Amino acid sequence: YVAGFSHELVLTEDSALVKAGRNGGGGESGLQTGELLKAALPHLNVVIYRARMDLAIRMGSAALGNYARQKNAFKGTGADFFVENLIDSMEGLLSAPVSKNTKSLQV
């Protein structure tokens, strides 16, 4: 599934956050995770939170889709490294401070 459909979130012309929500978004646990993330990221206003989540979904979908196509994907210590590094990358994306330039250019 990941290998076959990850590109749909990566390439959507709409918001990847909205598209993921329309396609289930993780169900009730996905909604709860979203609320917990919003509470844990008070430095992001609504506009920047949505923009960062859009990037996180696209980045995660691209990375997972690419990894799923590799031989022996999601097996062994290489898989553990991949998952932990992806988590670290997402944490960095979401927790990074908002620059003055980004604040001034919000749409």
Side-chain angles (χ1 to χ4, degrees):
Y1 179 85
V2 172
F5 296 101
S6 63
H7 68 281
E8 289 188 17
L9 285 172
V10 174
L11 300 175
T12 185
E13 293 180 14
D14 299 324
S15 164
L17 180 59
V18 171
K19 185 168 180 115
R22 267 191 247 123
N23 293 330
E28 183 62 32
S29 63
L31 292 173
Q32 290 175 350
T33 301
E35 293 304 316
L36 290 169
L37 277 170
K38 288 176 194 171
L41 301 167
H43 67 291
L44 303 179
N45 66 29
V46 173
V47 171
I48 295 173
Y49 172 82
R50 288 182 181 151
R52 294 251 180 120
M53 287 302 296
D54 181 81
L55 289 171
I57 290 167
R58 290 175 194 272
M59 183 176 79
S61 293
L64 285 164
N66 182 62
Y67 192 76
R69 290 178 189 89
Q70 296 180 22
K71 186 177 180 178
N72 297 318
F74 304 109
K75 294 179 183 172
T77 56
D80 294 338
F81 174 80
F82 169 78
V83 170
E84 293 301 323
N85 192 47
L86 182 59
I87 291 168
D88 293 346
S89 299
M90 293 292 179
E91 181 180 356
L93 170 69
L94 296 173
S95 64
V98 180
S99 71
K100 291 179 185 178
N101 287 343
T102 299
K103 285 180 186 177
S104 71
L105 296 170
Q106 295 180 74
V107 289

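The figures that follow rest on heavy atoms only: side chains count, while hydrogens, waters and symmetry mates do not. Position 1 is the first residue of the sequence, and the numbers go up from there. No experiment lies behind these values; they were computed from the predicted model shown.
- Across every non-hydrogen atom of V2 and A68, the tightest pair is CG1-CB, 4.1 Å.
- Between F74 and F82, the ring planes are perpendicular. Angles over 60° get that label, and only those under 30° would be called parallel.
- The side-chain heavy atoms of Q70 and Y67, taken from C-beta on, include a pair separated by under 4.5 Å.
- No side-chain donor-acceptor contact under 3.5 Å links H7 to the backbone of S61.
- Rounded to the nearest 0.5 Å, atoms CD1 (I87) and CD (E91) are 9.5 Å apart.
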Query raised in the report: Which is it for H43 and L41 under the side chain to side chain contact (heavy atoms under 4.5 Å, CB included) test, yes or no, and what are the steps along the way?
Result: CA-CA 5 Å; H43 67 291; L41 301 167; 3.8 Å; yes
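- Looking at heavy atoms from C-beta onward, L64 lies in side-chain contact with L86 at the 4.5 angstrom threshold.
- Taken from OG in S95 to CE in M90, the straight-line distance is 12.5 Å, to the nearest 0.5 Å.
- Between L17 atom CG and L55 atom CG the span is 11.0 Å, to the nearest 0.5 Å.
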Requested in this report: Evaluate the side chain to side chain contact (heavy atoms under 4.5 Å, CB included) criterion for residues E84 and F81: first the C-alpha distance (whole Å), next the side-chain angles of each, then the deciding distance (0.1 Å), finally the verdict.
Outcome: CA-CA 5 Å; E84 293 301 323; F81 174 80; over 6 Å; no
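- Pairing each heavy atom of A62 with each of V10, the nearest pair is N-CG2, 3.4 Å.
- Residue I57 is tested with V18, T12, L9 for a side-chain contact (heavy atoms from CB on, under 4.5 Å); the sole match is L9.
- Linking Ile, Leu, Val, Met, Phe, Trp and Tyr residues whenever their side-chain heavy atoms come within less than 4.5 Å leaves V47 and L93 in two separate clusters.
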**Report entry** side chain to side chain contact (heavy atoms under 4.5 Å, CB included) assessment of R58 paired with L11
**Finding:** CA-CA 8 Å; R58 290 175 194 272; L11 300 175; 6.0 Å; no
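- The CG atom of N45 lies 9.0 Å from the NZ atom of K103; values are rounded to the nearest 0.5 Å.
- Side-chain contact between S6 and R69: present, with at least one pair of heavy atoms (C-beta onward) separated by less than 4.5 Å.
- Between L94 and M53, some side-chain heavy-atom pair lies under the 4.5 Å cut-off.
- The CG atom of D80 sits 12.0 Å away from the CG atom of N85 when rounded to the nearest 0.5 Å.
- In summary, R50 and D54 do not engage in a salt bridge, as defined by a charged side-chain N under 4.0 Å from a carboxylate O.
- Between Y49 and R52 there is no side-chain heavy-atom pair separated by less than 4.5 Å.
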